[in-house]
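For reference, the structure discussed in these notes is given below.
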Amino acid sequence: MKNYQRLKGMVAATFTPFNTDGELNLPIISQYADQMATSQMAGVFVCGTTGESLSLTVEERKAVLEAWVKATNCLLYTSPSPRDRQKSR
């Protein structure tokens, strides 16, 4: 049996930041995370809301999630898209 924890508060649907050349802009995620934390968000939903994750490789999606986890330092709940959770099983 799995032990699920009920989330409390708002979880923001984040976008994935890109540079003008189309490459991931991972360094800016820390600023984005700060903004979410000061906006009193309980968490963020990473790579699953605006469709851009379908155009990313698995490695790129992992890099985005890792950047969010590092930037939030566990202050925000970070969740990958259901599609990514299923692939990790």
Side-chain angles (χ1 to χ4, degrees):
M1 178 186 268
K2 294 188 179 193
N3 184 13
Y4 293 102
Q5 183 180 13
R6 183 176 285 296
L7 290 176
K8 295 181 181 179
M10 293 179 53
V11 177
T14 62
F15 65 90
T16 302
F18 293 92
N19 293 316
T20 56
D21 63 359
E23 294 296 316
L24 289 173
N25 186 356
L26 298 177
I28 203 163
I29 289 176
S30 63
Q31 293 174 30
Y32 194 12
D34 289 342
Q35 181 182 5
M36 293 294 105
T38 59
S39 299
Q40 300 180 346
M41 293 292 145
V44 291
F45 187 68
V46 179
C47 284
T49 59
T50 58
E52 74 269 14
S53 67
L54 296 176
S55 64
L56 299 175
T57 66
V58 171
E59 291 78 22
E60 289 170 323
R61 291 193 304 269
K62 286 181 181 179
V64 172
L65 182 59
E66 287 171 358
W68 271 101
V69 169
K70 181 179 177 184
T72 60
N73 197 23
C74 298
L75 296 177
L76 293 173
Y77 171 78
T78 53
S79 176
S81 71
R83 179 175 180 244
D84 291 330
R85 284 192 300 257
Q86 192 170 18
K87 285 185 179 251
S88 66
R89 291 181 184 169

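This is a predicted model, so every value here is computed, not measured. All values below come from the heavy atoms of this structure, side chains included, with hydrogens, waters and symmetry mates left out.
Considering only residues two or more places apart in sequence or on other chains, T57 meets the side-chain contact (heavy atoms from CB on, under 4.5 Å) condition with E59, E60. N25 meets the side chain to side chain donor-acceptor pair (under 3.5 Å) test with N19; sequence neighbours excluded.
The heavy-atom pair separating T16 from V64 by the smallest distance is CG2-CG2, 3.9 Å. The shortest heavy-atom contact between V46 and T14 is CA-OG1, 3.8 Å. Residue L56 comes nearest to R61 through the heavy atom pair O-NH1, 2.8 Å, listed as atom of the first residue, atom of the second, then distance.
For the atom pair CD1 (I29) and NZ (K70), the distance works out to 11.0 Å, reported to the nearest 0.5 Å.
With a 4.5 Å cut-off on side-chain heavy atoms, L24 and F18 count as touching.
In the hydrophobic clustering of ILVMFWY residues, with side-chain heavy atoms under 4.5 Å counting as a link, L26 and F15 come out together.
Listed by first then second residue, pairs satisfying side-chain hydrogen bond (donor to acceptor under 3.5 Å, both in side chains) with a partner in residues 27-38 number zero, not counting sequence neighbours.
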